[in-house]
Amino acid sequence: MAKKKKIVIANWKMNPQTVAEAKKLFLSVKKNASKTRSIKTIICPPFIYLTELKKLYSGSSISIGSQDVFFENKGAHTGEVSPKMLKNLRIQYVTIGHSEKRALGESNEIVNKKVIAASKEKMHIVLCVGEKKRDAHAGHLEFVREQLQSALSGISRQSLKNIIVAYEPIWAIGKSDEDALSPNDMHEMSIFIRKILSEIYGKKSALLVPIIYGGSAEPENVKILMKDGEIDGFLVGHASLKADDFSEILEIVNKI
Ligand code: PGA
């Protein structure tokens, strides 16, 4: 089977505070990403910076993605941005179902509607799943199963080609490399996610879906997580706001 391209996504969340800082960060990442061609690098800034960063994008090997999208294409939906609007800006990637959106009330049903709407526009979807906590009875596996099955309801095998699964255990987000998921646990979760995808789409299609990890991915832990965790890359939050750290992550992943 052809080797899947590695994927590293920067989730800037609600940062940085000015467009000038956003441009500076983008340009330094762009410079380093051009040296790490084995990786698909995607930067997800706040909505408000998308157009400005698009102007700096030319000739770069990176893509720009959105952190969210709404499930309707137009109408009375104050504050929302549609898949068509993103497509019109040539934004191809979107993260959906991030735990910080779910914490504000985004249900599995809403996540599913967003996945369907973005999929209709043929966007590349980074579907975020992950449990709040773990217990001895492996309740987290059922939790992730439910999130995945529900998010993908109505998504065809053909559309699965545009899905990347980002496993982000909430308890590991925004901490330090020592608090991240262990490579062994990541390995177990990758197998589990593929098993669920296989149940729905068959093994062949399931194997093609990239699985990435998010939750305190830092220069210190990406190598071991990538080598032993059966993953295709990372969704990086706080470490993506420091150009040096993010570039180091790209360099390390590029060499694996
Ligand atoms: P973190 O965030 O790298 O700061 O843990 C990851 C995420 O929430 O996507």
Side-chain angles (χ1 to χ4, degrees), residues 6-17 21-22 25-26 29 33 39-47 49-50 62-69 91 93-106 111 114-115 118 124-134 140 143-144 147-148 151 163-183 185-186 189-190 193 210-226 229 231-253:
K6 291 171 258 182
I7 299 167
V8 177
I9 305 175
N11 177 10
W12 285 2
K13 307 192 179 184
M14 203 171 70
N15 300 292
Q17 304 314 303
E21 288 170 277
L25 180 57
F26 182 80
V29 172
I39 306 171
K40 176 86 219 156
T41 305
I42 302 150
I43 308 288
C44 298
F47 279 133
Y49 301 144
L50 285 172
I62 40 184
S63 297
I64 298 174
S66 167
Q67 295 175 14
D68 191 20
V69 69
I91 304 292
Y93 286 85
V94 58
T95 61
I96 297 180
H98 191 279
S99 59
E100 285 151 17
K101 298 292 299 176
R102 292 182 191 259
L104 293 174
E106 189 167 275
V111 170
K114 290 183 172 182
V115 170
H124 292 281
I125 297 161
V126 183
L127 170 61
C128 304
V129 297
E131 77 284 355
K132 237 188 231 117
K133 56 180 190 323
R134 292 197 160 202
H140 60 283
F143 188 83
V144 169
Q147 282 188 327
L148 269 176
I163 305 269
I164 298 165
V165 175
Y167 172 64
E168 297 204 300
I170 298 172
W171 49 266
I173 291 178
K175 304 261 176 65
S176 76
D177 63 290
E178 288 150 21
D179 303 302
L181 185 73
S182 75
D185 286 345
M186 185 64 244
M189 184 52 82
S190 298
I193 290 171
I211 298 175
I212 62 175
Y213 168 75
S216 302
E218 294 185 356
E220 291 76 15
N221 59 11
V222 287
K223 186 172 175 185
I224 182 86
L225 274 163
M226 185 97 183
I231 47 171
D232 302 288
F234 298 94
L235 180 50
V236 186
H238 60 270
S240 71
L241 294 170
K242 294 188 207 124
D244 288 350
D245 282 358
F246 192 65
S247 301
E248 205 179 330
I249 290 176
L250 291 177
E251 275 166 36
I252 296 166
V253 172

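Counting convention: from 1, in listed order, for ligands and their atoms alike.
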Legend entry - Atom indices of ligand 1 within 4.0 angstrom of E168 heavy atoms, with elements: 6 (C), 7 (C), 8 (O), 9 (O)
Inset, instruction - Would you mind running through ligand 1 and noting each atom that sits below 4.0 Å from a heavy atom of G237? - result: 1 (P), 2 (O), 3 (O), 4 (O), 6 (C)
Legend entry - Closest protein heavy atom (residue, atom, distance) for atom 4 (O) of ligand 1: H238 ND1, 2.5 Å
Inset, instruction - To the nearest 0.5 angstrom, please state how far the NZ atom of K40 sits from the CD1 atom of I164. - result: 9.5 Å
Legend entry - For N11, atoms of ligand 1 separated by under 4.0 Å from a heavy atom: 7 (C), 9 (O)
Inset, instruction - Would you mind reporting whether I231 and M186 have side-chain heavy atoms less than 4.5 Å apart? - result: yes
Inset, instruction - List every atom of ligand 1 that sits less than 4.0 Å from any heavy atom of G174, numbering the atoms from 1 in the order shown and giving each element. - result: 1 (P), 4 (O), 5 (O)
Legend entry - Close approach, G214 and ligand 1, non-hydrogen under 4.0 angstrom: no
Legend entry - From I39 atom CD1 to I252 atom CD1, the distance as rounded to the nearest 0.5 Å: 10.0 Å
Inset, instruction - Please examine the side chains of Y167 and I193, heavy atoms only from C-beta on, and report whether any two atoms are closer than 4.5 Å. - result: yes
Legend entry - Name of the residue among H238, Q67, E100 meeting side-chain hydrogen bond (donor to acceptor under 3.5 Å, both in side chains) with K13: E100
Inset, instruction - Heavy-atom contacts with G215 under 4.0 Å: which atoms of ligand 1 show up? List them by number with element. - result: 5 (O)
Legend entry - Pair D244-S247, side-chain donor/acceptor within less than 3.5 Å: no
Inset, instruction - Could you establish whether E218 and ligand 1 come within less than 4.0 Å of each other, counting only heavy atoms on the residue side? - result: no
Legend entry - Pairwise distance CD1(I7) to CD1(I211) - rounded to 0.5 angstrom: 10.5 Å
Legend entry - K175, any N or O under 3.5 Å of ligand 1 N or O: no
